[in-house]
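The structure presented is a predicted model; accordingly, all values stated were derived computationally and were not measured. Convention: sequence-line order gives letters A, B, ...; per-chain numbering from 1.
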Amino acid sequence: MSGYQTGIIVLLALNTIAAYGVYLPMSAGQLNLGIAGFMAIGAYAAAYLTNACGWPPSAAIGAGGATAAILAFAVAMPMLRTQGIYLSLATFALGQVISAIFLNLDIVGGAAGYPVATHIEASVVVSAATLVVSLVWLMSTTRLTVYFAAVKNDPLVADLLGLNVKALGVAALTVGAGIAGVGGALYAHYFNYIEAQYFGVMLSTYTVLYVLLGGTQSVWGPLVGAAIFTLVPEALRSSSQWRYAIFALFIIVFMALRPQGLLTRGLSRQRTQARAQSGSTNS
Amino acid sequence: MISQQIVNGFMLGGVYVMIAVAFTLAIGVLNFLNFSIPGIFMIAGMVSWAALRGGQHWPIAFGIALAASAAVGVAVYLLTYRPSSDSDPEVPLVSSLGFLVLLENLIILWLGSDQQSFPALIVDFNWRFGSIIIGGAQLLSLVLSLAFVIALSLSLRFTNLGRQVRAIAENRRTATILGVNVGSVVSRLFVLSALFTGIGGILFAISYLQVSSSMGESIGFKGISAMIIGGMGNIWGAVAGGLLIGLVEILSTQFLGADFVNISVYGLLLALLIAKPEGLFGPVAAREKL
């Protein structure tokens, strides 16, 4: 496999991980506009552990994800006092604060950026992404998905039906942040260099955009969205500006024509029904 | 020294006032957080710079820039707001974020991503009041911003369109029953909000003499913060929020260093969202829907 192809596959893997970090809170009705902040925490924590403490990269990456999750858990209770648009703006503000703090933190290089000494292979990134996708898929086969959907559709009714809305919200935000943290840590160790400016508001925005492009109703939506965002512009061999411009145009048209995203629950249901019906006629 | 910094803070806050008012207009009446506004702000600055570089006289350049802003406002109305009237609440927000990304990258493709210096249109002059120095261009843009806000506030109160806008903000269905042409009023509101943003972008260019494709991000997002701090949907709250953000920014530059500006501004926003989500001057009950 050529270096170019490897690069694209790694990019796809990293985008997919970030996408699932956005997808989980969104499936519980939280539009997280600060996912880049959690990625930054994972990236810097893991990079610091390998650089300064001599941890092996796999342990450091896990610890990076855990750090992001712990921070999300700590801020989740006050943050989830807000909801809807206010919650989105609170996550946005949190992301900005985190990125600005890293910009000023001289122990990890401050504005000059932070080189990471240990390198991981592309295969590690790809297997981590596969792991994340399978874990989220496994989670989607449990009742948790139904709970999240209930909280998203109507928190009040979910509460009346005996769900712990607060705990589910905290769980969604925390797990999403943990996944994003792992993504950031992988990014740091694959590219061996991180800077706070990279984890800005536009990174969060792009991630949210391709999750919504794929659709949030199906667990495969974020994967499809990340794949389209990563692969289509490569196929067109366009410059990065054209890539983003075309992608943005795509988002606008898409939201106007098919706001539920590319993959919907209805699609898979139709297929299952068709299969069930054909099965019943056969028997 | 401190009074000089406070004056500087208000001058900077004047930049955020226009954009915060544009945001608050969209959210107060339409309940729509229009993320394309930072993009329109940048379009106005960059288009007027390009027109001036192309040798246009300044009124024509600013006219072109405002026309471009209004055109984007109409496009956002047609492609973002109108199709998403009965879909998930995050759809219009995401679509308007799409507009922000689109505008920024189109401008980079057309004019490049470098910071450009804007020609000085006003003779550089300063006023001195005792030990305090006030930049003429900054003062002019603050005064103009406040004048536009007063005009907006008066026309919302006294003109026919203003009454219709307030009726829609109060209750859209009742307004429709009472004969308000909601579609036409809303589309005009989008143009008005875009023009406000565009004027803000031009005033920023005149007083700070620099434009870039990323100017919307840094200033537009602080405009959102100003709008929330003042209370969503409250015009004078947005003005106060803008001035406060300017003050916080200047004071934290002075006492903590320029790198701490984002920590202070967005930390303030975060703390306020958690403690008092309705903003300093907003209505008591916070909106629950997007």
Can you tell which part of B/Ile224 gets under 4.5 Å to a heavy atom of chain A, answering side chain, backbone, both or neither? side chain
Checking A/Phe92 against chain B: side chain, backbone, both or neither under 4.5 Å from a heavy atom? side chain
Under a 4.5 Å heavy-atom cut-off, does chain A meet the side chain of B/Leu100, its backbone, both or neither? side chain
How about CD1 on A/Ile107, more than 12 heavy atoms from neighbouring residues, nucleotides or ligands closer than 6.0 Å, or not? no
Could you check whether the rings of B/Phe204 and B/Tyr208 sit parallel, tilted or perpendicular, using 30° and 60° as the cut-offs? parallel
Non-neighbouring partners of A/Leu71 that pass side-chain contact (heavy atoms from CB on, under 4.5 Å), sequence neighbours left out: A/Phe38, A/Ile41, A/Ile98
Could you have a look at A/Leu94, A/Val253, A/Leu103 and say which one has the most heavy-atom pairs with chain B under 4.5 angstrom? A/Leu94
According to the interplanar angle, ranging from 0 to 90°, do the rings of B/Phe35 and B/Phe221 count as parallel (below 30°), tilted (30 to 60°) or perpendicular (above 60°)? perpendicular
Which residues from residues 195-207 of chain A are near chain B, with near meaning under 4.5 Å between non-hydrogen atoms? A/Val201, A/Met202, A/Thr205, A/Tyr206
In terms of heavy-atom pairs under 4.5 Å with chain B, which of A/Ile101, A/Thr82, A/Leu89 leads? A/Leu89
Please look at B/Ile228 and chain A and tell me whether the side chain, the backbone, both or neither of the residue comes under 4.5 angstrom of a heavy atom of that chain. side chain
Keeping B/Ser193 on the side-chain end and B/Leu189 on the backbone end, is there a donor-acceptor pair under 3.5 Å? no
Among A/Asn104, A/Val208, A/Ile251, A/Thr91, single out the residue with the greatest number of heavy-atom pairs under 4.5 Å to chain B. A/Asn104
Got B/Tyr16 and B/Glu249 here, is their nearest side-chain heavy-atom distance under 4.5 Å? yes
Could you tell me which of A/Val97, A/Leu257, A/Leu33, A/Leu87 has the largest number of non-hydrogen atom pairs under 4.5 Å with chain B? A/Val97
Quickly, which of A/Val165, A/Val151, A/Asn164 forms a side chain to side chain contact (heavy atoms under 4.5 Å, CB included) with A/Asp159? Name it, please. A/Val165
